[in-house]
Amino acid sequence: MHRSLNRTARRLEPLAAVPRSRHPLPDSSDRTQLSWSSPPAATPPRRQQPLDAPNSSVLPRSTPRHYDDYLNLLRSFVSRKALEPGKQLHARLLLSGLGYNTILATKLVDLYCLCDHVTLAHKLFDRIPKSNLFLWNVLIRAYAWNGPHEVAISLYYQMLDCGLAPDNFTFPFVLKACSALSALEAGRGIHELVVSTGWETDVFVGAALIDMYAKCGCVDRARELFDRIPNRDVVLWNSMIAAYARNGHPSEALLLCRDMVARGFTPTLATLVTVISASADAAALPRGREIHGLSWRRGFDSQDKVKTALVDMYAKSGWVKVARVLFEQLAEKRIVSWNSMICGYGMHGHAAEALALFDRMREEDQVLPDHITFVGLLSACNHGGLVDEGRSFFDSMLSDYRIPPAVQHYTCMIDLLGHSGRLAEAYKLIQDMTMAADSGVWGALLNACKIHRNVELGELALQKLIELEPDDAGNYVLLSNIYAQAGKWQEAAEVRKLMTDRGLKKSIACSWIEVKNQVHAFLVGDLSHPSSGEIYAELERLEGLMAEAGYEPDTMPVFHDVGDDEKRNMVRSHSERLAIAFGLISTPPGTTLLVTKNLRVCEDCHTAIKFISAIVGREIIIRDVNRYHHFKDGECSRLSLRQRQAQRAPALQPAAAG
DNA sequence: ATAGGGTTAG
């Protein structure tokens with residue numbers, strides 16, 4: 001009836017819209033000082049009476065004028081996030097009899113949420129009628145933003161139980177909580193309701209759904225949804241681009257960005273940061289530079305966030321010096337920038353530079369290191385063979401910076417100790433861990449066991465790995481190699497059989513190189529490239545020169561059940577070699593080559609590429625799944641075992657020189 | 001009255 005008088009009608013709405021039985025008030029003994037308590041049961045509230053209507057007992061304090069004053073005050077508190085005045089007003093409202101007014105209470109809940117006092121907000125929420133969708137939205141939002149995210153989802157279900165239909169605000173909030181938890185099942189259920197309530201094509205709801213699917217790893221679902229939304233805006237495009245980027249599809253991210261520009265959308269800062277990071281992940285320097293150019297044309301390149309993404313991109317593409325130049329240009333160096341540069345040095349094996357940069361960061365004293373800084377430092381120590389420095393960083397995390405080491409830090413330490421042959425120490429560290437060791441930790445130990453040919457510990461690590469990830473073929477392959485190296489052919493074969501019995505296949509090695517803006521990918525023994533003839537001719541030419549220089553193929557990485565000649569052929573046509581040979585014949589002499597490989601570079605290729613770099617006089621950068629290898633003049637930036645041992649020798653015998 | 005996307009590691 002009075003629906004057309006929206007404002008008035010809302011203010012005057014009857015209060016008892018939610019049956020009390022569904023939301024029992026806590027008993028009175030439980031009430032805290034600030035609770036929005038209803039009057040004691042002996043004098044039940046006159047719930048059917050409009051709040052600010054004349055009432056013989058509360059007439060002076062519920063005049064409309066009074067109400068508006070409160071509302072205006074609360075509005076200003078919300079906009080200023082003024083918590084203390086809000087609390088005082090809360091107390092006064094309790095006395096004034098406006099304690100049941102949904103709108104005022106909701107504003108107060110809103111204020112408490114915005115001031116990070118979610119507990120207080122929730123207490124208040126529990127004591128007021130919940131007929132108001134806005135009230136639910138505000139509280140769900142608070143938990144979605146600040147956690148615990150589970151509460152946001154459970155509130156959403158409670159809201160449905162109350163018979164309220166979620167709207168275009170509820171969905172993005174609750175979906176954000178699902179994203180944070182990677183709660184795919186809950187997200188799917190919410191999606192169903194989105195569809196049946198007709199909100200699927202709303203850009204806000206759509207973006208939230210895309211984000212949820214992306215963070216649960218379902219890029220394809222995200223894309224289906226994206227395609228179904230007719231009127232997309234920039235944020236929706238950005239969400240989909242980010243969905244590809246975060247799920248390991250950098251090329252799709254870049255293509256979609258191109259598509260977006262082609263359709264007349266102007267990239268925003270978020271677009272550029274996302275695609276720059278995508279091209280960093282793809283180690284796609286030409287495309288990264290193209291986007292650098294685009295950022296420049298759009299006037300975004302001077303922004304620190306773009307610049308930091310570029311630091312990361314250039315570092316990952318092998319241009320560490322350019323990254324450093326951009327890093328120095330930053331107006332303000334925040335933790336992300338320091339981390340990008342430190343990690344950039346670390347992954348290229350420039351341990352000294354990484355450590356020096358960390359020292360400078362501490363001297364400048366503007367920002368504190370975080371857990372990522374330590375991942376970077378530890379991996380720098382790892383790639384530089386600095387075991388004792390790594391140990392001391394690891395110890396200082398907690399003692400100097402109050403950062404408890406997380407699983408990743410343990411993984412770095414196991415890697416570091418393990419690579420250096422300190423297997424017992426590594427295993428001891430796993431046993432001392434304060435949390436459960438994950439597959440990364442055991443994987444690091446297993447890898448170390450392979451390098452140092454420790455069969456017993458390797459078996460143990462593999463047992464753990466099979467429990468944790470029974471479907472990962474790589475584990476079986478590693479153990480099989482350990483057995484093979486120890487001459488235990490029988491066991492090696494059993495592991496291989498176990499793997500095939502379970503229907504597992506090793507992922508196929510693939511390497512790629514970009515030449516003139518085009519990606520050329522190669523599989524092992526690949527003959528499909530148009531230049532295959534020239535590629536294999538080049539490899540043969542190099543092999544002759546390598547043999548003269550003293551190169552001996554090591555066929556150990558290849559399984560024992562293959563004949564020697566075949567082994568030799570398999571090794572010589574490893575994908576990284578094909579990519580290098582193609583790079584050599586299709587770029588001018590002296591050009592640095594950047595090859596990316598989806599798995600690790602095998603030991604034999606590692607040796608072979610050292611020879612190649614010397615023979616052709618080129619710098620060759622290989623980015624494998626773990627790190628970067630810079631091959632130059634017959635050497636690699638990845639220290640050999642002997643070099644590592646030489647480095648730590650002085651530390652082991654401090655007094656000997658005396 | 002309330003809303004969505006972006007950078008570092010693993």
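In what follows, chains are A, B, ... by sequence order, proteins preceding strands, each numbered from 1.
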Query raised in the report: Heavy atoms under 4.0 Å, any strand shown: does A/T106 hit a base, just sugar-phosphate, or nothing?
Result: base
Query raised in the report: Any idea which of B/dT2, B/dG10, B/dT7 is nearest the A/F134 side chain?
Result: B/dT2
Query - Mutual orientation of the aromatic rings belonging to A/H90 and A/Y112 [parallel < 30°, tilted 30-60°, perpendicular > 60°] - result: tilted
Requested in this report: Can you figure out which of B/dT8, B/dG4, B/dA1 approaches the side chain of A/I103 most closely?
Outcome: B/dA1
Query raised in the report: Any idea which of B/dG6, B/dA9, B/dT8 is nearest the A/T274 side chain?
Result: B/dG6
Report task. Using the side-chain contact (heavy atoms from CB on, under 4.5 Å) rule, take A/F134 and A/F169 through it: C-alpha gap first, then chi angles, then the decisive distance, then the call. Result -> CA-CA 9 Å; A/F134 179 87; A/F169 288 87; over 6 Å; no
Query raised in the report: Which part of the nucleic acid does A/D233 contact within heavy-atom distance under 4.0 Å: base, sugar-phosphate only, or nothing?
Result: base
Query raised in the report: Does A/R188 pair with A/E192 as a salt bridge, N-O distance under 4.0 Å?
Result: no
Requested in this report: Can you figure out which of B/dT7, B/dA3, B/dT8 approaches the side chain of A/N168 most closely?
Outcome: B/dA3
Requested in this report: Give the intermediate values and the outcome of ring pair (Phe, Tyr, Trp, His ring centres under 6.0 Å) for residues A/W338 and A/F358.
Outcome: CA-CA 8 Å; A/W338 288 101; A/F358 179 66; 9.2 Å; no
Requested in this report: Please work out if A/T308 contacts a base, only the sugar-phosphate, or nothing of the nucleic acid, heavy-atom cut-off 4.0 Å.
Outcome: base
Report task. Remember a base hit wins even if backbone is also touched, and classify A/V203 as base, sugar-phosphate or nothing at under 4.0 Å, heavy atoms. Result -> base
Query raised in the report: Quick one: is A/R334 getting a side-chain N or O under 4.0 Å of the B/dT7 phosphate, OP1 or OP2?
Result: no
Requested in this report: Classify the nucleic acid contact of A/N137 as base, sugar-phosphate or nothing, counting any heavy atom under 4.0 Å across all strands shown.
Outcome: base
Query raised in the report: Of the nucleotides B/dA3, B/dT8, B/dG4, which has the atom closest to the A/L236 side chain?
Result: B/dG4
Requested in this report: Give one of base, sugar-phosphate or nothing for A/R232, where a contact means two heavy atoms less than 4.0 Å apart.
Outcome: nothing
Query raised in the report: Can a side chain N or O of A/R141 be found less than 4.0 Å away from OP1 or OP2 on B/dA3?
Result: yes
